[in-house]
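Small disclaimer: the values here were computed from a predicted structure and weren't measured. Every heavy atom of this structure was used, including side-chain atoms; hydrogens, water molecules and symmetry mates were not.
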2 protein chains.
Amino acid sequence: MTQANNEDAVEHILEQWHKERPDLDVFAMGVLGRMKRCTLLLEKRLDAVFADFGMNAWEFDVMATLRRCGAPYCLSPTALFSSLMITSGTLTHRLRVLEEKGWIVRVDSPQDARSTLVRLSDDGFRRIDAAVTAHVANEQSLLQGLSAYKQQGLNQRLAELLASLEGENRKD
Amino acid sequence: MTQANNEDAVEHILEQWHKERPDLDVFAMGVLGRMKRCTLLLEKRLDAVFADFGMNAWEFDVMATLRRCGAPYCLSPTALFSSLMITSGTLTHRLRVLEEKGWIVRVDSPQDARSTLVRLSDDGFRRIDAAVTAHVANEQSLLQGLSAYKQQGLNQRLAELLASLEGENRKD
DNA sequence: CATATTTGTCTTGAATTCAAGGTTTATTTG
DNA sequence: CAAATAAACCTTGAATTCAAGACAAATATG
């Protein structure tokens with residue numbers, strides 16, 4: 001209360017734990033807590049830009065995956081849900097919505113009669129191309145609170161952490 | 001393809017974008033992408049420990065909030081959903097489940113007849129105390145991929161980013 | 001070739017969450 | 001004090017997701 005107070009919301013939680021459970025070392029809890037809360041706040045800010053283009057985050061994700069795979073902007077449902085790390089049932093729902101909006105079209109696969117490929121429509125292409133431009137600018141502005149040097153430091157640490165987490169995760 | 005390959009899953013996405021949209025600077029996209037994926041992987045690993053104590057992440061969150069506020073481990077529903085950053089309706093559901101499990105009890109508020117306070121039961125207290133001990137150890141082990149020095153660097157950068165994001169967010 | 005297995009996709013039902021609005025009790029105002 | 005407003009909590013309906021499994025087509029095996 002009388003201390004200097006450059007605290008974020010997580011700091012208060014750590015102090016509560018320290019008072020109640022002084023036996024615990026809560027440093028790691030602080031790191032993960034801050035990362036989670038950053039992710040949450042960042043998602044909200046990203047959503048705002050997606051909304052400017054009439055889409056939500058998952059619509060952006062599907063369209064962006066099709067866009068960045070290159071011409072003819074066409075993938076199988078299996079490739080899509082694997083890349084997006086969602087279940088096949090979830091993708092089925094997403095594709096239905098995007099098809100109704102006219103942003104994707106479905107094409108019968110020439111190689112496999114079980115499969116219908118998914119392709120960006122012309123409208124979908126234009127829309128995701130505009131959205132991703134604004135999205136990237138938005139992401140840059142969200143990191144403006146850190147100097148370019150600190151942004152690189154953060155990126156480096158996150159890359160190392162991600163590599164270590166993905167490395168141990170081979171059994172999944 | 002012929003380059004050295006210390007890539008995480010995000011690096012591949014950045015390369016695709018660079019090929020398709022060389023006009024975009026995707027550095028910031030990499031930072032946010034890595035943070036989001038770390039958060040996702042970390043959540044999975046945390047869930048595994050929660051499951052050892054018969055709970056899931058949101059059950060842990062509610063119980064932990066009650067535990068760390070100190071004796072008598074009792075808060076109003078409004079204090080709880082505010083602290084947990086969830087809606088009142090979501091809290092209603094969570095409390096119903098936790099009450100059925102016998103981990104919380106509801107007490108009429110002496111000051112306000114509209115309100116019934118929520119308190120950890122004895123069983124709930126024992127359970128969350130054991131769970132949080134294991135949880136903190138788990139969090140420490142998840143950061144083992146980074147040296148203590150790098151963990152502190154990551155924490156510092158995340159704290160700065162969080163502060164900048166919370167600072168601008170005052171309108172929410 | 002016939003059967004068995006694998007692969008690709010979709011359907012169903014349950015869980016979780018939120019937004020919007022309802023009800024009850026407390027507080028403020030005239 | 002009566003009426004209006006605010007606060008605390010709950011209910012409802014819709015959205016999103018997953019896990020499990022159904023089904024059809026492709027591939028492998030004997």
Side-chain angles (χ1 to χ4, degrees), chain A residues 36-37 39-41 43-44 46-48 50-51 54-63 65-66 74-101 103-119 172, chain B residues 36-37 39-41 43-44 46-48 50-51 54-63 65-66 74-101 103-119 172:
Chain A
K36 180 159 184 186
R37 216 175 277 252
T39 298
L40 213 73
L41 289 174
E43 271 172 2
K44 272 193 197 167
L46 298 180
D47 288 347
F50 296 148
M55 50 180 88
N56 59 31
W58 65 250
E59 288 169 331
F60 180 89
D61 283 344
V62 176
M63 310 260 293
T65 301
L66 289 168
C74 189
L75 290 171
S76 71
T78 298
L80 268 173
F81 73 66
S82 306
S83 174
L84 290 162
M85 304 202 297
I86 59 176
T87 63
S88 61
T90 300
L91 185 71
T92 298
H93 168 250
R94 291 187 179 184
L95 294 181
R96 182 159 40 233
V97 172
L98 289 172
E99 197 176 11
E100 260 168 34
K101 287 191 166 191
W103 296 348
I104 63 166
V105 293
R106 313 194 71 151
V107 198
D108 287 344
S109 168
Q111 290 107 18
D112 193 330
R114 294 168 299 179
S115 187
T116 65
L117 304 181
V118 177
R119 198 180 48 179
D172 280 1
Chain B
K36 179 158 187 188
R37 216 175 275 251
T39 298
L40 214 73
L41 290 173
E43 269 170 4
K44 272 193 196 167
L46 298 181
D47 287 347
F50 296 147
M55 50 180 88
N56 59 30
W58 63 251
E59 288 168 332
F60 179 89
D61 282 344
V62 176
M63 312 260 292
T65 301
L66 289 167
C74 190
L75 289 171
S76 71
T78 298
L80 268 173
F81 72 66
S82 305
S83 175
L84 290 162
M85 304 203 297
I86 59 176
T87 63
S88 61
T90 300
L91 185 71
T92 297
H93 168 251
R94 290 186 180 185
L95 294 181
R96 180 158 42 233
V97 172
L98 289 172
E99 196 176 10
E100 261 167 34
K101 288 191 165 192
W103 295 348
I104 62 166
V105 292
R106 313 194 70 151
V107 198
D108 285 346
S109 168
Q111 290 108 15
D112 192 330
R114 294 168 299 182
S115 187
T116 67
L117 304 180
V118 177
R119 198 179 49 179
D172 280 1

In 5'-to-3' order, the base (B), backbone-only (S) or no-contact (-) status of each nucleotide in nucleotides 21-28 of chain D, using a 4.0 angstrom heavy-atom cut-off, is ---BBS--
Which donor-acceptor pairs under 3.5 Å do side chains of residues 86-98 of chain B form with protein atoms, sequence neighbours excluded?
residue : atom : partner : partner atom : Å
T87(B)  : OG1  : T90(B)  : N            : 3.3
T87(B)  : OG1  : T90(B)  : OG1          : 3.0
T92(B)  : OG1  : S88(B)  : O            : 3.1

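Look at CD on E43(A): it is 14 Å from P on dT16(D), rounded to the nearest Å. Distance NE2 (H93(B)) to C1' (dT16(D)): 15 Å, rounded to an integer number of Å. Distance, I86(B) CD1 to dA19(C) C1': 14 Å, rounded to whole Å.
Residue L91(B) is classed as having no contact, given no heavy-atom separation below 4.0 Å to the nucleic acid. Residue-level contact check: T87(A) touches the bases, meaning some heavy atom is under 4.0 Å from a base atom.
Between T90(B) and dT17(C) there is no side-chain N or O to OP1 or OP2 distance below 4.0 Å. R96(B) has no side-chain polar atom (N or O) that falls below the 4.0 Å cut-off from OP1 or OP2 of dA15(C). Contact check, N56(B) against dT16(C): a side-chain N or O comes under 4.0 Å of OP1 or OP2.
Distances were taken from every side-chain heavy atom of S115(B) (C-beta onward) to each of dT16(D), dT17(C), dA8(D); the shortest belongs to dA8(D). With dT11(C), dT17(C), dT17(D) as the choices, the nucleotide that has an atom nearest any side-chain atom of W58(A) turns out to be dT17(D).
Position along DNA chain D of the nearest nucleotide to V97(A) versus T116(B) favours T116(B) as the more 5'-ward residue.
The nearest pair of heavy atoms linking C74(A) to R119(A) is CB-CG, 3.8 Å. Across all their heavy atoms, E59(A) and M63(A) have their closest contact at O-CG, 2.8 Å. Summarising the geometry of D47(A) relative to A57(A), their closest heavy-atom pair is OD1-CB, 3.6 Å, with the distance given to 0.1 Å. Minimum interatomic distance between L80(A) and V62(A) (heavy atoms only, all atoms of both residues): CD2-O, 4.3 Å.
In the model, T39(B) has a side-chain atom that pairs as donor or acceptor with a side-chain atom of T39(A) under 3.5 Å.
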